[in-house]
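Since the structure comes first, as structure tokens, the remarks are kept for the end.
Given the structure is predicted, the values throughout are model-derived calculations rather than measurements. Nothing fancy with the numbering, it's 1 onward along the sequence.
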Amino acid sequence: MKIIYVLMAAAGMAAMQPVIAQHVPLDPAVRTGKLANGFTYYIRHNEQPRNRALFYLVNKAGSVLEDADQRGLAHFLEHMNFNGTRHFPRNELVSHLQKAGVRFGADLNAYTTFDETVYQLPMPSDDPAMLTLALEIMRDWAQEATLDPQEIEKERGIVLEEERLGKGAKERMSRRYLPMLLNNSRYANRLPIGTDSVLLHFQRPVIKRFHSDWYRPNLQALIVVGDIDAAAMEKMVRAQFGTLKNPVHERARPAYTIPLTGKNQFMVVTDPETATTELDIYIKHKAAAIRTEADYLALVKRTLFNQLLNTRRYNETSREHNPAMVSAGMSISPLPGGLDAFSFTVTAKEGQLPAAFKQAWSVVEKVRRYGFTQTELNRARQQYLRNLEQLLNEQDRTPSVDFVKEYQRLFLQQEAAPGIQWEYNFAKAKLPAITLQDINNVTTAYIQDINRDILILAPDDKKQSLPAEDTVTAWLNEMQGMRLDPYVEDTLVHSILTVLPQRGRVTAADSLPAIGVTMLTLSNGVKVVLKPTTFKNDEIRFKGFAPGGASLYNDSDYDAAASAAAIIGSFGLGSLSPVQVNSALNGKVVQVAPFIDKRTAGVHGACATQDLETALQLVYMQFTHPRKDTMLYNNIINRSRAVLPNRYAEPNNIFNDTMAYVMGGYSYRSSPPTLAKLDRIGLDKVYDIYRERFADATGFTFVFVGSFNTAAIQPLLEQYLGALPAAGHKDTAIDRGIHIPPGRIVKTVKAGKADKALVRLIVSGDYSYSPANNQVLNALAQVLQIRLLQNLREAEGEVYSPTVQFTFNKQPRERYAFIIAFGCAPANADHLVNLVRREMEALRTTPVETDNIMKVKAAVIRNTELALKDNGWWLSYLDGQLENGEDLLQVQDVQKNLDALTPAAMQQAASLYLTEKNLLQFMLLPGGR
């Protein structure tokens with residue numbers, strides 16, 4: 001379901017009559033059926049994106065079904081389906097699909113949870129052979145895993161490496177508190193990753209037993225959504241999957257749940273590598289079904305409750321002067337095992353947990369005691385319906401994956417899937433009748449004193465100062481008796497802009513018909529680049545930028561410059577506080593924010609088409625009327641001060657800061673955050689720098705992409721962008737000489753208890769920037785990643801997911817970098833680094849395999865097809881070309897550049913750029929090593 005659900009009783013029924021539990025209808029656009037063997041299917045035609053189809057195989061089989069000797073094997077079996085099926089022995093499936101442009105991990109993937117295992121396969125749909133292949137793969141995944149003993153042995157290491165990547169403070173702490181949170185149910189003893197003892201020692205018959213018991217048609221569904229002939233696909237599905245067999249003596253599939261105990265629980269969990277103290281409360285309930293109209297209406301009310309509570313939390317806590325908390329959150333949210341919960345969390349500044357809890361819980365207590373106001377409810381209903389309206393506007397532009405997830409929930413949880421038209425009509429009819437008492441009833445139902453878990457997470461060295469259960473219970477009781485004034489709602493109607501500025505005009509226009517772009521110059525010198533599209537019905541994305549940014553400031557002012565936009569942008573606009581700005585924007589779909597980056601400054605945003613004028617008003621006000629707020633500034637700085645001292649309790653922070661400092665050439669601007677740096681900021685300084693960056697719009701260029709008519713929006717551009725102040729001054733970014741240092745550097749960080757290593761290898765240098773070179777080097781990175789997957793993962797079994805990223809920049813110097821990343825056992829780190837270096841050498845000394853070039857080309861072609869139909873991609877492309885002074889028509893050269901990818905060309909590129917001349921090696925190892 002898109003957002004919410006269901007009504008109460010038919011209009012006009014007597015109050016004493018029972019509510020009719022009318023079932024929510026299924027969206028008629030989806031074809032569904034159940035075969036004689038119990039196999040279910042959902043098929044829908046959808047052209048977002050064109051010439052693509054998504055295939056999902058959903059199994060009602062997860063880790064909760066594992067026998068004691070199978071713990072971890074539901075997930076292991078998911079891996080094995082990629083390592084040999086009836087028609088695709090060993091690893092042939094991955095290689096075969098890569099040649100069709102389907103990337104392993106990014107496209108071809110799967111996941112396992114407590115209750116399900118889901119396989120996903122995006123395929124080109126413009127070739128009937130590919131659709132046939134997709135169904136053959138799905139059919140194999142459903143019941144034809146070979147479970148080759150040799151492949152099982154190879155995969156043990158890979159699964160253990162996947163487990164290793166998750167090790168750390170969060171994993172250690174969760175293993176301690178999850179049994180409490182899951183009420184010591186079966187779920188508590190069936191975490192999907194399993195146990196090392198099983199993963200290391202199980203034999204084939206054990207995993208075969210799980211496969212035979214639970215991979216069966218009456219527990220499976222196929223979801224196909226995409227640019228297909230749904231009727232033809234249905235015939236193919238029925239023919240292909242009708243032959244699946246259920247076991248002769250099938251095991252009953254238990255409907256495991258987490259029982260409510262009626263008791264309250266409390267736990268304190270500490271770890272030396274957690275940096276903050278956090279208090280969480282979970283008030284658990286049996287999750288409601290979403291099948292009937294009454295269920296749907298109840299969901300609408302819960303959604304409104306969450307929306308109201310989140311807004312109230314922000315409005316209340318933003319008024320606090322120097323609050324004791326770093327952050328807080330509260331909502332009704334799902335839990336496993338058929339539960340949901342009212343969830344509350346607060347992270348406290350050091351030594352201030354009692355005050356932090358009381359400040360955050362006072363929001364809950366006021367809602368419990370006084371409820372919400374009518375003005376709050378009116379605004380929430382308005383925004384709720386507006387959000388649905390935008391989804392309805394995009395009905396024929398909805399991504400296929402959204403439908404897939406909807407039908408997945410329908411199959412797994414029997415959650416109704418009526419379609420956005422039904423949801424909108426239902427909400428529009430029922431929202432006006434939802435009262436404050438309805439929302440108060442949600443509060444009463446969910447905020448109770450039973451089935452309540454209280455969890456405190458904290459650093460080890462704070463253990464002695466943490467409260468006991470009696471103390472926290474006393475806090476809760478104290479809050480119930482404390483004098484709390486009702487929330488006072490700001491009922492004034494606020495406007496972003498009260499007086500229209502002096503309008504500018506278009507003084508010049510040009511166009512690039514080949515890519516559908518129009519370029520305007522306004523009378524104040526502002527440039528505007530427009531690309532209207534039909535990719536979405538109700539979306540406009542935009543960005544405005546000018547050269548300079550933080551590069552214009554010396555090191556003494558850099559911290560203020562780098563943080564100015566984020567700080568000033570959080571204060572509101574003109575005379576309006578952030579709360580008042582949010583009130584003015586209620587019922588609109590619009591986001592706009594200023595930025596000051598290293599070499600540019602500007603604004604970026606997105607909006608619904610009808611809200612473009614509001615978005616441009618926000619832009620105008622961010623340029624001309626920034627707001628100064630001493631209390632909010634102090635709160636921001638004090639929060640930062642609170643978290644900095646314990647930052648290095650977390651090993652990853654040490655590692656990441658080390659890499660950033662070295663890769664930034666040990667410059668001040670790449671050095672880690674410190675209290676001394678905070679002292680260099682200052683409210684007056686950030687405000688003055690912000691005003692300097694936005695006082696003169698002469699050098700600004702704005703790019704708009706999306707669902708608009710160029711002629712129709714021109715008056716709005718003239719009214720607001722044409723009115724921006726312009727003094728005729730243009731800045732040029734300064735080259736501060738910061739880049740990855742040359743030579744060979746090795747840095748090893750020893751921190752943390754977890755038995756894992758993180759490795760990063762960076763190859764960098766100067767190069768000749770051009771689209772052709774960028775394509776060759778990007779292809780080289782993809783080929784290297786394919787080879788690392790084949791050798792480090794599949795052959796050695798010592799990593800889970802090695803990645804290779806190619807990055808480049810034209811300004812201030814033409815530079816490139818390859819970033820190679822993987823996690824592994826500490827004992828294997830040096831060995832794996834040598835294997836990576838060997839693969840790099842092989843690319844330098846021998847021609848690249850034609851098969852791998854074919855895989856890269858296929859992926860680029862398919863991804864480019866998708867990108868060219870995406871507003872976000874076009875905004876990024878046009879912005880990048882304009883910032884770099886590059887030709888906007890280069891997008892037409894993709895195929896030409898791909899044709900230049902030959903084995904010889906890539907070998908030559910590797911010999912020039914994939915060398916060890918400039919090689920940085922970083923390792924994070926356990927602290928004891």
| note | Nearest heavy-atom contact between D115 and Y187 is OD1-OH, 2.8 Å
| message | Do D27 and Y42 pair up side chain to side chain, a donor and an acceptor below 3.5 Å, judged on atom types alone? | response | no
| request: Keeping the roles fixed (side chain from N37, backbone from N246), state whether a donor-acceptor pair exists under 3.5 Å. | output: no
| Between R71 and E66, is there a side-chain N and carboxylate O pair less than 4.0 Å apart? | no
| query | Using a distance-only test with no angle check, is there a side-chain donor-acceptor pair under 3.5 angstrom linking E144 and T85? | reply | no
| Side chain proximity check, S63 to L191, heavy atoms < 4.5 angstrom | no
| message | Any carboxylate oxygen within less than 4.0 angstrom of a Lys/Arg side-chain nitrogen, looking at R172 and E273? | response | yes
| said: Does either side chain, that of T113 or that of E116, offer a donor lying less than 3.5 Å from an acceptor on the other one? | reply: yes
| query | Can you check whether K263 reaches N451 side chain to side chain, under 4.5 Å on heavy atoms? | reply | no
| field | From E155, E162, E798, residue fulfilling salt bridge (charged side-chain N to carboxylate O under 4.0 Å, His left out) relative to R793 | value | E155
| request: Classify the side-chain pair D280/T345 by whether it contains a donor and acceptor separated by less than 3.5 Å. | output: yes
| Strictly by modelled atom types, are Y215 and N59 linked by a side-chain donor-acceptor pair under 3.5 Å? | no
| query | Just checking, is any N or O donor in the side chain of H87 or D140 under 3.5 Å from an acceptor N or O on the other one? | reply | yes
| Looking at side-chain heavy atoms only, is the closest gap between V118 and Y56 below 4.5 Å? | yes
| query | Is D851 salt-bridged to K99, cutoff N-O under 4.0 Å? | reply | yes
| query | Within a strict 4.5 Å, meaning less than it, do heavy atoms of the F922 and T748 side chains meet? | reply | no
| said: Between Q265 and N183, do the side chains contain a donor N or O and an acceptor N or O under 3.5 Å apart? | reply: yes
| said: Any salt bridge linking E171 with R175? Criterion: basic side-chain nitrogen under 4.0 Å from a carboxylate oxygen. | reply: yes
| Donor-acceptor pair, side chain of D295 and main chain of A288, under 3.5 angstrom | no
| query | In terms of side-chain geometry, is the basic nitrogen of E161 or R164 positioned less than 4.0 Å from the acidic oxygen of its partner? | reply | yes
| task | Kindly indicate, with the supporting measurements, whether the criterion side-chain contact (heavy atoms from CB on, under 4.5 Å) is fulfilled by I207 and I152. | result | CA-CA 10 Å; I207 194 171; I152 289 174; 4.1 Å; yes
| query | Regarding N46 and R44, is there a side-chain donor-to-acceptor distance under 3.5 Å anywhere? | reply | no
| said: Pair Y407, V225 - check side-chain contact (heavy atoms from CB on, under 4.5 Å), show working. | reply: CA-CA 10 Å; Y407 306 143; V225 180; 4.1 Å; yes
| Do V198 and L73 have side chains that get closer than 4.5 Å, going by heavy atoms? | yes
| request: Would you kindly say whether E234 and Y41 are connected by a side-chain donor-acceptor distance under 3.5 Å? | output: yes
| R409 bridged to E406 by N-O distance under 4.0 Å | no
| task | Kindly indicate, with the supporting measurements, whether the criterion side-chain contact (heavy atoms from CB on, under 4.5 Å) is fulfilled by Q120 and F55. | result | CA-CA 6 Å; Q120 63 186 60; F55 293 77; over 6 Å; no
| query | Which of these passes side chain to side chain contact (heavy atoms under 4.5 Å, CB included) with N83: E151, E92, R90, Q150? | reply | E151
| task | Answer yes or no: is there an ion pair linking R139 with E136, defined by an N-O contact shorter than 4.0 Å? | result | no
| query | Should R862 and D126 count as an ion pair when the cut-off is N to O under 4.0 Å? | reply | yes
| message | Just so I know, are the side chains of F411 and K60 near enough to count as touching, which here means a heavy-atom distance under 4.5 Å? | response | yes
